[in-house]
Amino acid sequence: MPSPVTQRQSRVTQQHTPTALIVGASRGLGQAMAAEFLHRGWNIIGTVRDASVQTPLHDLADRAEGRVRVEQLDINEPHQLAPLHERLADRRLDLLFINAGTTNSEQTPIGKVTTHDFVEVMTTNALSPMRVIEALEDLVSPTGLIGAMSSGQGSITNNTTAGREVYRASKAALNMLMRSFAVRQAGTQRALALLAPGWIRTALGGPDAPFTVEESVPLLVDVLLTKLGTPGLAYLDRSGRTVPW
């Protein structure tokens, strides 16, 4: 018997070929998510910061027979949003997902973090994702999904170990801003999701992380597809369980 995710995907693809825009898809989790959605029959638009540099996303596009489109966007350059919107104005998105993010020196206590580092992490992880969402949300289907990559470390309730204080704060800020966005979306049928993917071996997660990209990404895509079609905001881990705020 097909799984609920497979059944949901089948219902979507019977109507049309769905399209996902993944912001921050040049490599790592973002590129792997693009590849997984492609494998499941979706068309992909993925963004990179520098379109002139060959990335794993470009390699995926070269193999995808026109089903992967590469767009340029640095989320910390808000003047790039209107041109991207114009280039995508003829597309209807079924999913908009913001993967881009950064971190700083992980063990520096907050009192010793420089203003520059604080502003850089907070802007990249909280303000810029919301700017992208606000700028592009009208391209998303009224029954589509808008989401962002958060972290379990953005949970205030679950912070029992400290460390990574600016990163934690930036993800908690992202969560709060998405809660505010969700309030303004309350009259719509859109699904909204914040993902806490777990500690994954990427450039951001480092080599000591317990989970691989290959084992993690299908689970994350399953969570998004399960949430698709269910209005309102959820903060979910890799298994689809609710993470406490």
Side-chain angles (χ1 to χ4, degrees), residues 20-25 29-30 33 37 45-47 73-76 78 81 84-85 93-103 118-159 164-198 200 204 216-217 219-245:
L21 169 56
I22 301 176
V23 174
L29 276 181
M33 291 178 71
F37 273 108
I45 306 167
T47 72
L73 177 67
D74 183 333
I75 64 169
N76 289 337
L81 289 169
L84 176 61
H85 185 284
L93 306 176
D94 298 276
L95 182 145
L96 166 62
F97 190 80
I98 316 301
N99 175 67
T102 191
T103 189
F118 182 85
V119 170
E120 180 180 35
V121 175
M122 293 294 286
T123 299
T124 304
N125 289 357
L127 177 59
S128 292
M130 297 310 302
R131 280 177 169 161
V132 175
I133 288 171
E134 296 273 8
L136 303 181
E137 63 95 7
D138 66 304
L139 301 177
V140 180
S141 165
T143 56
L145 184 147
I146 299 173
M149 192 69 79
S150 184
S151 169
Q153 295 192 350
S155 169
I156 294 174
T157 299
N158 285 348
N159 184 3
R164 306 194 76 189
E165 294 176 14
V166 177
Y167 180 79
R168 287 179 185 273
S170 71
K171 293 300 187 179
L174 173 65
N175 293 352
M176 178 61 78
L177 294 171
M178 276 292 285
R179 284 289 293 263
S180 293
F181 180 76
V183 171
R184 289 184 275 119
Q185 293 278 313
T188 76
Q189 293 300 303
R190 283 183 177 149
L192 305 170
L194 290 157
L195 289 188
I200 301 173
L204 190 66
S216 300
V217 164
L219 299 176
L220 298 175
V221 171
D222 280 347
V223 171
L224 291 175
L225 292 178
T226 299
K227 176 61 176 163
L228 185 64
T230 303
L233 176 63
Y235 180 22
L236 304 168
D237 70 10
R238 60 194 280 123
S239 299
R241 296 171 297 201
T242 297
V243 181
W245 298 98

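The model shown is predicted, which means the values in this text are computed figures rather than measured ones. Start at 1 with the first residue, then count along the sequence.
Considering CG of L145 and CG of L95, their distance stands at 5.0 Å, rounded to 0.5 Å. Distance check, rounded to the nearest 0.5 Å: CE of M149 to CG of L29 gives 5.0 Å. Taking CG from D237 and CG from L219, the interatomic distance works out to 9.5 Å, rounded to the nearest 0.5 Å. Going from atom CD of E165 over to atom CD of Q153 covers 11.0 Å, rounded to the nearest 0.5 Å.
Without hydrogens or angle criteria, T47 side chain to G24 main chain gives a donor-acceptor distance under 3.5 Å. Under the 3.5 Å distance criterion, the side-chain polar atoms of R190 are left unmatched by any main-chain donor or acceptor of G144. Distance alone, capped at 3.5 Å, is enough to place a donor-acceptor pair between the Y235 side chain and the S155 backbone. Within the 3.5 Å criterion, the main-chain N or O of R241 finds no donor-acceptor partner in the side chain of S239. One N or O on the side chain of S128 and one on the backbone of I75 form a donor-acceptor pair closer than 3.5 Å. The backbone N or O of L81 lies less than 3.5 Å from no partner atom in the side chain of R131, so there is not a single donor-acceptor pair. Within the 3.5 Å criterion, the main-chain N or O of T230 finds a donor-acceptor partner in the side chain of K227.
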Problem set entry | Criterion side chain to side chain contact (heavy atoms under 4.5 Å, CB included) on L73 and V132, from CA distance to verdict | CA-CA 10 Å; L73 177 67; V132 175; 4.3 Å; yes
Problem set entry | Candidate pair I133 and M178, rule side chain to side chain contact (heavy atoms under 4.5 Å, CB included), full reasoning | CA-CA 10 Å; I133 288 171; M178 276 292 285; 3.7 Å; yes
For this session: Please report the C-alpha distance between L174 and L194 in whole Å, then the side-chain angles of each, then the deciding distance to 0.1 Å, and finally whether the side chain to side chain contact (heavy atoms under 4.5 Å, CB included) criterion is met.
Result: CA-CA 9 Å; L174 173 65; L194 290 157; 4.1 Å; yes
For this session: Start with the C-alpha gap between V243 and L236, add the side-chain angles, then the distance that decides, and say whether side chain to side chain contact (heavy atoms under 4.5 Å, CB included) holds.
Result: CA-CA 5 Å; V243 181; L236 304 168; 5.7 Å; no
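Inspection of the S141 and D94 side chains reveals no N or O donor paired with an N or O acceptor under 3.5 Å.
Side chains of T103 and V121 form no contact here, defined as non-hydrogen atoms less than 4.5 Å apart. Using a 4.5 Å cut-off on side-chain heavy atoms (C-beta onward), T123 and N76 make contact. N125 has its side chain within reach of K171: a pair of non-hydrogen atoms, C-beta onward, lies under 4.5 Å apart.
When all heavy atoms of M33 and L224 are compared, the pair lying nearest together is CE-CD1, 3.7 Å. Listed here is the closest heavy atom pair of F37 and I22: CD1-CD1, 4.1 Å. Pairing each heavy atom of T188 with each of P231, the nearest pair is O-CB, 4.1 Å. Summarising the geometry of P197 relative to R238, their closest heavy-atom pair is O-NH1, 3.1 Å, with the distance given to 0.1 Å. Taking every heavy atom of both residues into account, R179 and L233 meet most closely at CD-CD2, 3.4 Å. Closest approach of A25 to G46, counting heavy atoms only: CB-CA, 4.0 Å.
Other residues, nucleotides and ligands contribute at most 12 non-hydrogen atoms within 6.0 Å of the CD atom of Q189. Within a 6.0 Å radius of CZ in F181, more than 12 heavy atoms belonging to other residues, nucleotides or ligands are found.
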